[in-house]
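Following: one structure in structure tokens, then a few remarks.
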Amino acid sequence: TSQKTTPRLLSLDSESGPPRVVVPPAGFEALLGRLRSRSSSLSAGLHAWQPDGAGHTGRKTAPGYLENDPLTGWQFEQYIPAIVHPIVHHELPMIRDNPASPEAIDWVIIELDLHTIQTRIFPALTLSHLGTPDSADFSLAVRVAGKPGQILYQWPLEGEVSGAAEPDATMNIFGPPPASIEDSSWVAVKNANSVKAGNGRHFSGPLWFPVIHYSHADTPWMLALTHRRGHLRDMVADVQRMNLAINSAVFILLAGGVVLAALAGHRAQKYARMEMEFVASISHELRTPLTAIYSAGENLADGVVQSKSQSAHYGSIVTSQARQLINLVDQVLTFSSTHRGQRRYEKELLEVGQVIALALQNTRATIEAGGFAVEQEIAPGLPPVRGDQSALVCCIQNLLANAAKYSGRSRWIGVSARLSPGRKGHEVQISVEDRGIGIAVSELPEVFKPFYRSSRVKAAQIHGTGLGLAIAREIAEAMGGRISVRSAQGSGTRFTISLPGAG
């Protein structure tokens, strides 16, 4: 549309022969009006893509951008669609070194087949870069950014239109690129077949097409990608939340591990200290009867004993101390076997009254030596219990020995047996009670632990190993029952063995 002549539009169709003058097709009016207004010079034509009122960009020195280079100036019209290019007139067109005319220019308009772009070009590029719909992670849409309803292409074809919502990524297909990299996108394209200009510069062209803006509101074709499982931002947020939760859990686990390690270390130290105290206690418990036996034997060897009554006295000393040693060794061996699970129990039906009688008979010497009064209350008609007789007798003996040891000034021991409703039917409850020094509330959870002896007991120099109650609990649980304690400091203690009735 040279301004030296009447503007006209020539159409070149390879099937219809040489160019011919045609009436502008529908949709070309805006483009032709823009090109007529920008045909006064090459400088104006190269910036036909700028909206009305926009000034010259001043990029004459950008790499590869030459205002008198006929290979520059390709611009994209997105609504037809078409690409246009200014035609530069030379005074002597056959001589390349002659400068281009700065006067009016003509235009080449190449109309693009939108149908071909939509049905062949876009699908081929999508398949090449994203793969098949079954394997791709993203959906794709190409649309005119200023017209959200005008979708030029979408993939996959089923489902919601990609790009209608906020996409994960967008790209201006034809340009210009973001301002931060715009100048770097204009690079000289060296062509081995190109002819050097007289000044030694290669012909060059841009790698993107400026989109013709009829107004500042016009926007280009945009490629939009959306992840098919949801917005990437939401997925990243979910991953961040998951990582935060995992890190928090790991931190909690580490903190818990540190706390547990500290507690385990503290318990190990406490247990080691209790074992050392047990060794000291057992040594003392062994030394006392051994010293008495040794003294009695030495007196007998030295001829101190002159009468029959003296011989009987020293004989009773040796017998009682030997029995104490035997009981001590039995207690240690019993604890070792029960604590490690090595002891095997022969369970049978037992009469509770007979078991209590055997326990009282075995501890009669201790009870009589201490001057204790034993009060029994055995309920009639008690059902038998199933258990190992020797083990159950040992369990009651330990409770009787404790009642005698910690009775203080009181010389009373109560033994009772009764039937009571339990967790799984009726239970037989065997209780041993004293009115002695009692146990502090803070010490009640500790009394069944091996080697435990309260500070008050150790301060009062009451001998013991700290194994009697631990053995009693092990035996009671092995018989299918349990042991419990009720106590008040200074008012006495009551231990109760609860066993399931077999009747």
Side-chain angles (χ1 to χ4, degrees), residues 25-31 34 48-51 54 74-85 109-182 184-186 205-242:
F28 274 66
E29 295 81 2
L31 174 61
R34 166 55 59 88
W49 55 272
Q50 290 182 302
W74 289 102
Q75 300 165 53
F76 178 67
E77 208 289 339
Q78 60 182 339
Y79 300 111
I80 295 177
I83 54 176
V84 298
H85 189 280
I109 303 175
I110 302 176
E111 183 180 6
L112 305 178
D113 187 347
L114 183 59
H115 179 73
T116 301
I117 294 173
Q118 293 173 321
T119 58
R120 296 178 60 183
I121 297 177
F122 282 156
L125 291 173
T126 301
L127 180 63
S128 174
H129 293 282
L130 295 182
T132 62
D134 295 335
S135 62
D137 293 330
F138 289 88
S139 58
L140 173 147
V142 179
R143 57 186 173 84
V144 179
K147 299 181 179 180
Q150 185 174 347
I151 302 298
L152 302 176
Y153 175 72
Q154 77 172 65
W155 179 89
L157 298 178
E158 302 82 8
E160 298 180 359
V161 176
S162 290
E166 182 182 0
D168 293 310
T170 58
M171 185 186 74
N172 185 342
I173 294 181
F174 292 98
S180 60
I181 61 171
E182 184 172 339
S184 63
S185 298
W186 289 74
L207 296 183
W208 53 267
F209 300 129
V211 176
I212 294 176
H213 288 68
Y214 298 101
S215 69
H216 289 280
D218 286 337
T219 50
W221 284 13
M222 299 297 293
L223 171 67
L225 291 176
T226 304
H227 202 281
R228 300 175 72 176
R229 292 198 298 268
H231 201 290
L232 279 180
R233 181 181 58 203
D234 297 333
M235 295 175 64
V236 170
D238 291 340
V239 171
Q240 289 176 339
R241 284 192 292 269
M242 183 182 298

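Predicted model, so just to flag it, every value in this text is computed and none were measured.
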Donor-acceptor list for residues 118-132 side chains, cut-off 3.5 Å, not counting sequence neighbours:
from	atom 1	to	atom 2	distance (Å)
Gln118	NE2	Leu152	O	2.7
Thr119	OG1	His115	O	2.6
Thr126	OG1	Phe122	O	2.8
Thr132	OG1	Ser135	OG	3.0

(message) Any side-chain to backbone donor/acceptor pair from Trp74 onto Ile83? Under 3.5 Å, distance only.
(response) no
(message) Could you check whether any side-chain heavy atom of Leu140 comes within less than 4.5 Å of a side-chain heavy atom of Tyr153, counting everything from C-beta outward?
(response) yes
(message) Among residues at least two apart in sequence or on other chains, which ones pass side chain to side chain donor-acceptor pair (under 3.5 Å) with Thr116?
(response) Asp113
(message) Looking at every non-hydrogen atom in both residues, tell me the closest pair between Ala48 and Ile212 and how far apart they are.
(response) O-CG2, 4.0 Å
(message) With rounding to the nearest 0.5 angstrom, report the CG to OH distance, Leu114 to Tyr79.
(response) 13.5 Å
(request) Taking all heavy atoms of Arg34 and all of Gln50, pick out the closest pair and write down the distance. (result) NH1-O, 3.0 Å
(request) Calculate, to the nearest 0.5 Å, the distance between atoms CD and CD1 belonging to Gln78 and Ile173 respectively. (result) 10.0 Å
(message) Could you tell me if the side chain of Asn172 sits less than 4.5 Å from the side chain of Met222, heavy atoms only?
(response) yes
(request) Work out which heavy atom in Ser139 is nearest to a heavy atom in Pro156; give both atom names and the distance. (result) CB-CD, 3.9 Å
(request) Identify the heavy atoms of Trp49 and Pro210 that sit nearest to each other, and give their distance. (result) CG-CB, 3.3 Å
(message) Glu77: which residues meet the side chain to side chain donor-acceptor pair (under 3.5 Å) condition with it, sequence neighbours left out?
(response) Tyr214
(message) Under the rule for ring-ring contact (aromatic ring centres under 6.0 Å, His included), what residues qualify as partners of Phe28, not counting sequence neighbours?
(response) none
